[in-house]
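Below, read A as the first sequence line, B as the second, and so on, with proteins coming before strands; counting in each chain starts at 1.
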Number of protein chains: 2
Amino acid sequence: MTIKRELDSSEALRLLGGVSLGRVVFTRHALPQIRPVNHVVDGGDIVIRTHEGAALTSHTGRADGPGVVVAYEADLIDPDTHLGWSVVVTGYAHLVTDPRELARYRAMLRPWVEQTMDYAVRIRPDLVTGILLTAADA
Amino acid sequence: MTIKRELDSSEALRLLGGVSLGRVVFTRHALPQIRPVNHVVDGGDIVIRTHEGAALTSHTGRADGPGVVVAYEADLIDPDTHLGWSVVVTGYAHLVTDPRELARYRAMLRPWVEQTMDYAVRIRPDLVTGILLTAADA
């Protein structure tokens, strides 16, 4: 039998920071969108590098527009036992515009594919939830 | 160097059907939501078992309400090489209400956690996209 336990936000962010791949979730043209990306956790924020910067940070596509609310998910779940964890962070996404920060994140976040990925996006967590799925003792 | 190739919908559904874990993405209270679930591909539809049936299928929470548009994502990406694939299906989610279908899906879809997961939800793909990330020949 599997036991499901809710993680507190510090446990959840620690697990998220221990992996490099996740999925950013946002709404575009009223439709749910999801993209796999890589991330770092930096000072409690999640920073991703993406070519979807405009869609992630402004309904108007303006790079300096107000942030939009996104969800960010990472998990590590065994496909056979279904044991593991899943963490979901919800918060506002903002473009990283400071040149020094941008250079630092570009060095930390290797793009997956050799294509222009000009944007670094910072997600400031408003809500962090997570579940831990463990095997119960017999 | 990594090569990114777009998958056609039949390739993408085949890859999705080869794994059992994915993530369903929807909007609730205007916020993006994501939940890891397990799935089967059945007759070209994605069927998941969840306790979020009401949120996934009706803005009003009515079990027999109109479907809502959801996205469903699965991926298999190597965390070190970043090679692999990701598939996203977008379509309307509908509760499975036929008792025989429901019994069949309940047998096929083992819930992860020992909790009530009364709903089986069928997602009929309107849009299937996928990417394949492969290593280029030197």
Side-chain angles (χ1 to χ4, degrees), chain A residues 1-5 18-38 51 56 68-93 109-115 126-127 129-134 136, chain B residues 1-5 18-38 51 56 68-93 109-115 126-127 129-134 136:
Chain A
M1 188 176 147
T2 303
I3 299 289
K4 175 181 173 179
R5 180 166 73 79
V19 298
S20 63
L21 302 183
R23 295 137 204 107
V24 63
V25 176
F26 54 106
T27 301
R28 182 153 52 180
H29 306 313
L31 291 177
Q33 306 277 334
I34 176 168
R35 300 279 181 277
V37 296
N38 55 342
H51 58 280
L56 281 177
V68 298
V69 175
V70 304
Y72 192 76
E73 192 265 0
D75 56 54
L76 204 62
I77 295 172
D78 185 292
D80 295 319
T81 63
H82 288 185
L83 302 181
W85 56 267
S86 167
V87 167
V88 179
V89 170
T90 307
Y92 281 89
L109 290 163
R110 182 167 61 97
W112 294 10
V113 183
E114 300 301 323
Q115 65 183 19
D126 281 322
L127 182 67
T129 61
I131 53 166
L132 185 69
L133 302 169
T134 53
Chain B
M1 188 176 145
T2 304
I3 299 288
K4 175 181 171 177
R5 181 166 73 78
V19 298
S20 62
L21 302 182
R23 295 137 203 108
V24 64
V25 175
F26 54 105
T27 302
R28 181 153 53 178
H29 305 313
L31 291 176
Q33 305 277 336
I34 177 168
R35 299 280 181 277
V37 294
N38 56 342
H51 57 280
L56 281 176
V68 299
V69 174
V70 304
Y72 192 77
E73 193 264 359
D75 56 53
L76 205 62
I77 296 173
D78 186 292
D80 295 320
T81 65
H82 288 185
L83 302 181
W85 56 267
S86 166
V87 167
V88 179
V89 169
T90 307
Y92 281 90
L109 290 161
R110 183 167 61 98
W112 293 11
V113 183
E114 301 300 326
Q115 64 181 21
D126 281 321
L127 182 67
T129 61
I131 54 166
L132 186 69
L133 302 169
T134 53

### Query
Taking all atoms of both residues into account, what is the closest heavy-atom pair of A:Pro79 and B:Ser20, and its distance?
O-OG, 3.9 Å

### Task
Could you tell me which portion of A:Val88 (side chain, backbone, both or neither) has an atom closer than 4.5 angstrom to a non-hydrogen atom of chain B?
side chain

### Task
Sort A:Asp80 into side chain, backbone, both or neither according to what part of it lies under 4.5 angstrom from a heavy atom of chain B.
backbone

### Query
Distance from B:Leu21 atom CG to A:Asp75 atom CG, nearest 0.5 Å?
7.5 Å

### Message
What part of A:Ile34 gets within 4.5 angstrom of chain B, counting heavy atoms only: side chain, backbone, both, or neither?
### Response
both

### Task
Given side-chain contact (heavy atoms from CB on, under 4.5 Å), test B:Val25 with A:Arg23 step by step and report yes or no.
CA-CA 11 Å; B:Val25 175; A:Arg23 295 137 204 107; over 6 Å; no

### Message
Please classify the contact between B:Asp126 and chain A as side chain, backbone, both or neither, with a heavy-atom cut-off of under 4.5 Å.
### Response
neither

### Query
What are the two closest heavy atoms between B:Val69 and A:Pro32, and how far apart are they?
O-CG, 3.6 Å

### Message
The test is side-chain contact (heavy atoms from CB on, under 4.5 Å); show your working for B:Gln33 and A:Thr90 and say whether it passes.
### Response
CA-CA 9 Å; B:Gln33 305 277 336; A:Thr90 307; over 6 Å; no

